[in-house]
Amino acid sequence: MGRRRVIDRDAVLDAAERVVSRNGAARLTLDAVAAEAGISKASVLYDYKTKQMLIKAVIERRVLAEDARIQACIDRLGPVADAAIRGRIAATARAIPDEDRTVAISLCATLAHDAELRQPIQKLYRERIDEVLTTSSHPRGAMLAFLAAEAMVLMELFGLHAWPEAERARLAAEIAWLVDQRPADPGEAAVMA
């Protein structure tokens, strides 16, 4: 029987996020993560053979955390029409924690240069868009709401703009209005004019 594993993977990923937040993803090394976690480099290598694998694990964990945050908002709504998009909008009304923003900004440049690292996020967006389109009463209005909510979150996540709490809540309510809208097809609008 092999030796029992005592290194907590979450502790390693927590350490990696702290290193990324402090030094940036470009300066993330397995040595730095091991030192931050208080473990040997061999322990980090056991689970994450390369820096890229470690960064991918951080991204995947962030994606799962964001999905859990949105699902909690959906669950709080209870059984309502268009729950998937309305839950996402409700999540938009909440401020993004500073540590999430710091990690996202630090990982952004790495994502821009590595198609493999973008895959978990691309998969997430494919699933979110499909869910909005297939579960909404008015898919086009819901898609516009989804795009507006995502733009608002991404602007804040990447430090481009910080929404005051009252304005964030107001914008989320106005975005929710879009869910019930039925935008005209641009071709139909031209014929009607």
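Since this is a predicted model, take the numbers as computed values, not measurements. Sequence positions, counted from 1, serve as the residue numbers for this chain.
Between Glu66 and Arg62, every side-chain heavy-atom pair lies at or beyond the 4.5 Å cut-off. In this structure the side chain of Leu54 reaches within 4.5 angstrom of the side chain of Val12, judged on heavy atoms. At least one side-chain heavy atom of Arg9 sits under 4.5 Å from a side-chain heavy atom of Tyr48. Within the 4.5 Å cutoff, no side-chain heavy atoms of Leu144 are placed close to those of Gln181. Looking only at side-chain heavy atoms (C-beta outward), Thr29 and Asn23 stay at 4.5 Å or farther from each other. Put simply, the side chain of Val33 does not reach to within 4.5 Å of the side chain of Ile39, judged on heavy atoms. By the 4.5 Å heavy-atom criterion applied to side chains, Val58 and Val20 are not counted as neighbours.
In this structure, Gln52 CD and Ile55 CD1 are separated by 8.0 Å, a value rounded to the nearest 0.5 Å. Rounding to the nearest 0.5 Å places CD of Gln122 at 11.0 Å from CD of Glu116. Here the SG-CD distance, from Cys73 to Gln71, works out to 9.5 Å after rounding to the nearest 0.5 Å. Separating the CE atom in Met152 from the CG atom in Leu171 is a distance of 5.0 Å, to the nearest 0.5 Å. The CZ atom of Arg128 lies 13.0 Å from the CZ atom of Arg126; values are rounded to the nearest 0.5 Å. Summarising the geometry, atom CD belonging to Glu17 is positioned 11.0 Å from atom CG belonging to Leu28; distances are rounded to the nearest 0.5 Å.
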Determine, stepwise, if the pair Arg88 / Ile74 fulfils side chain to side chain contact (heavy atoms under 4.5 Å, CB included). CA-CA 7 Å; Arg88 280 175 171 62; Ile74 292 169; 4.0 Å; yes

For the pair Asp10 and Arg61, evaluate side chain to side chain contact (heavy atoms under 4.5 Å, CB included) and give the outcome as yes or no after the intermediate values. CA-CA 9 Å; Asp10 280 330; Arg61 184 169 81 152; 3.4 Å; yes

For the pair Lys123 and Glu127, evaluate salt bridge (charged side-chain N to carboxylate O under 4.0 Å, His left out) and give the outcome as yes or no after the intermediate values. CA-CA 6 Å; Lys123 179 179 183 281; Glu127 291 170 356; 2.6 Å; yes

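Closest approach of Ile175 and Ala145 over heavy atoms only: CG2-O, 3.4 Å. Minimum heavy-atom separation, Ser136 to Asp82: CA-OD1, 3.1 Å. When all heavy atoms are compared, the tightest approach of Arg168 to Thr92 is CD-O, 3.1 Å. Nearest heavy-atom pair, Ile89 versus Ala176, reported as atom, atom and distance to 0.1 Å: CD1-CA, 3.7 Å. Of all non-hydrogen atoms in Ala83 and Leu77, the two that sit nearest each other are O-CD1, 4.0 Å. Residues Lys56 and Pro120 come closest through the heavy atom pair CE-CG, 4.2 Å.
Linking ILVMFWY residues whenever their side-chain heavy atoms come closer than 4.5 Å, directly or via other members, places Val63 and Ile129 in the same cluster. Cluster annotation: Met53 is not connected to Leu64 through the hydrophobic network of ILVMFWY side chains, with a link wherever side-chain heavy atoms come within less than 4.5 Å. Phe146 and Trp177 sit in two unconnected hydrophobic clusters of ILVMFWY residues. Membership requires side-chain heavy atoms under 4.5 Å apart, directly or through other members. Clustering ILVMFWY residues whenever any of their side-chain heavy atoms sit less than 4.5 angstrom apart, transitively, puts Leu124 in the very cluster that holds Leu147. Hydrophobic clustering (ILVMFWY, side-chain heavy atoms < 4.5 Å, transitive): Leu13 and Leu45 are in one cluster.
Checked by atom type and distance alone, the side chain of Arg86 pairs as donor or acceptor with a backbone atom of Ala81 at under 3.5 Å. In this structure a side-chain-to-backbone donor-acceptor pair under 3.5 Å is missing from Arg140 to Pro183.
For Arg76, the CZ atom counts as densely surrounded, since its 6.0 Å shell holds more than 12 non-hydrogen atoms of other residues, nucleotides or ligands. Atom CZ of Arg22 has more than 12 heavy atoms from other residues, nucleotides or ligands within 6.0 Å. Crowding of Glu167 atom CD: a count of heavy atoms from other residues, nucleotides or ligands under 6.0 Å exceeding 12.
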